[in-house]
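Structure, as structure tokens:
Proteins come first, then strands; the chains are lettered A, B, ... in the order of their sequence lines, and each starts at number 1.
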Protein chains: 2
Amino acid sequence: MVRQRIEIKKIDNVTSRQVTFSKRRRGLFKKARELSTLCDAEIALIVFSSTGRLFDYSSSSMGQVIERHNQQTENLIQLNQPSLELQLDNSASAIAIKEVEEKTLELRRLRGEELHGLSLEELKKLEKTLEGGISRVLKTKSEVFEKEIAALKRKMGSDIGQTQEQGQSSDQSIITTTTNGSSAAAPPPRDYDSSDTSLKLG
Amino acid sequence: MVRQRIEIKKIDNVTSRQVTFSKRRRGLFKKARELSTLCDAEIALIVFSSTGRLFDYSSSSMGQVIERHNQQTENLIQLNQPSLELQLDNSASAIAIKEVEEKTLELRRLRGEELHGLSLEELKKLEKTLEGGISRVLKTKSEVFEKEIAALKRKMGSDIGQTQEQGQSSDQSIITTTTNGSSAAAPPPRDYDSSDTSLKLG
DNA sequence: GTAACTATATATAATCG
DNA sequence: TCGATTATATATAGTTA
């Protein structure tokens with residue numbers, strides 16, 4: 001945005017990521033407040049930093065806005081009426097269920113299924129999304145390929161007698177294609193500072 | 001903010017309030033998306049316009065963010081003890097949320113994001129999926145296009161009669177009307193604001 | 001209603017203290 | 001690690017078509 005325009009992708013450097021987060025978060029909340037005031041809109045904004053800190057804002061009451069959101073989204077699916085008690089507190093569940101449906105449909109459409117009834121405009125948008133995806137996938141593929149080739153060359157040059165294999169995911173990627181002989185490119189690049197408090201399934 | 005600085009208070013004029021709402025809403029959602037991407041933050045944003053239209057965005061899953069927010073704030077409030085039913089409901093919620101996470105990841109990868117760490121094999125699979133999707137989307141697009149053209153031609157033929165090659169005394173409203181009519185079967189219009197969902201109140 | 005088009009106001013990345 | 005500064009990139013109020 002300044003001095004130099006930045007690309008919108010995850011900032012690698014942890015420090016500058018935190019600085020940017022702090023600045024932009026303030027800006028975002030300010031914009032939200034302004035929109036609410038100027039246009040009489042009801043707004044809820046929830047932000048979790050990557051370290052798990054919570055920031056939130058609501059023009060009225062967080063619960064109220066969420067409840068309203070819940071009511072609108074609930075109408076889109078047939079929820080089996082759980083119990084009167086539950087109805088009040090299952091907003092997250094209802095929303096999640098609806099989200100699964102939405103995302104499932106979107107996935108199918110990206111795969112070229114369930115396209116009937118879509119307008120030309122929507123089809124064009126899909127096409128654009130797919131074009132973008134394929135271009136980035138191809139780019140990444142070349143990068144990975146180059147990296148593997150380089151690693152292979154290094155290995156041949158220095159040491160010819162070492163084989164290393166690490167059980168990664170349960171995916172049996174032994175059946176790789178020709179160029180993929182030494183699967184050196186599957187290191188799990190995980191995050192560093194995530195005191196994530198999200199719940200896990202048992 | 002431009003031409004002249006405005007005061008942050010409710011805009012009286014209804015028209016300009018709506019225009020401002022539309023512009024600023026887009027800006028706000030864009031900022032939210034950018035913050036999420038740049039800083040790896042989890043964000044939920046809910047906006048109700050003064051007319052009751054809903055717009056929302058969530059970096060991952062709305063239900064998940066709300067649930068996480070609830071958990072954090074729950075500690076501050078005295079909650080009536082969770083009943084057995086609620087616990088069951090939470091696990092259902094957790095399952096749904098996990099599904100949302102999985103589908104979200106897959107969607108992002110199809111869009112060419114979050115590709116790091118994927119093996120060549122997985123990238124090839126993605127590419128194949130995308131190729132298939134785009135081919136079917138293109139096919140459907142041509143079909144829809146042909147259909148609309150055909151409908152248009154039929155309409156013009158019956159309205160104007162046949163072999164009226166040169167007597168172009170017919171007014172343009174016919175063309176306009178038929179054009180609109182042919183697309184009347186299009187699905188309900190959505191607000192094109194990325195992943196925002198909009199609804200109307202009764 | 002809306003789709004550009006500016007001229008400015010803001011936001012903010014990089015830098016400095 | 002911060003706050004302050006500054007040079008640019010963005011956002012957008014007012015306007016026009």
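Contact annotation: A:R24 side-chain N/O to C:dA13 OP1/OP2 distance is under 4.0 Å. In terms of phosphate contacts, A:T20 brings a side-chain nitrogen or oxygen within less than 4.0 Å of OP1 or OP2 of C:dA13. In terms of phosphate contacts, A:R5 brings no side-chain nitrogen or oxygen within less than 4.0 Å of OP1 or OP2 of C:dT12.
Without hydrogens or angle criteria, A:E122 side chain to A:S119 main chain gives a donor-acceptor distance under 3.5 Å.
Put simply, CZ on A:R25 is 15 Å from C1' on C:dA11, counting in whole angstrom units. Atom pair A:L35:CG and D:dA13:P shows a separation of 10 Å (rounding to whole Å applied). When the C1' atom of C:dT12 is taken as reference, atom NZ of B:K30 falls 13 Å away, rounded to whole Å. Atoms CD (A:E34) and P (D:dA11) sit 14 Å apart, rounded to a whole Å. For the pair A:N13 CG and C:dA14 C1', the computed distance is 13 Å after rounding to whole Å. For the pair A:I6 CD1 and C:dT15 P, the interatomic distance rounds to 13 Å; values are reported in whole Å. Protein atom CG of A:L28 is 14 Å distant from nucleotide atom C1' of D:dA11, rounded to whole Å. Here the P atom of nucleotide C:dA11 and the CD1 atom of A:I8 are 16 Å apart, to the nearest Å.
Between the side chain of A:K31 and the base of C:dA11 there is no donor-acceptor pair of N/O atoms closer than 3.5 Å. No hydrogens or angles were tested; on distance alone, nothing pairs the side chain of A:K23 with the base of C:dA11 as donor and acceptor under 3.5 Å.
Minimum interatomic distance between A:R109 and A:E114 (heavy atoms only, all atoms of both residues): NE-O, 2.9 Å. Of all heavy-atom pairs spanning A:D12 and A:R17, the tightest one is O-NH1, 3.6 Å.
Residue contacts shown for A:S16 are absent, as no nucleic acid heavy atom lies under 4.0 Å away.
Because its NZ or CZ atom is not both nearer than 6.0 Å to the ring centre of A:F48 and within 45° of the ring axis, A:R53 does not count as a cation-pi partner of that residue.
DNA chain C is contacted by both B:Q18 and A:R26; B:Q18 maps to the nucleotide lying nearer its 5′ end (nearest heavy atom per residue).
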Does B:Q18 form a side-chain contact (heavy atoms from CB on, under 4.5 Å) with B:T51? I'd like the steps, not just the answer.
CA-CA 9 Å; B:Q18 285 179 339; B:T51 60; 4.2 Å; yes
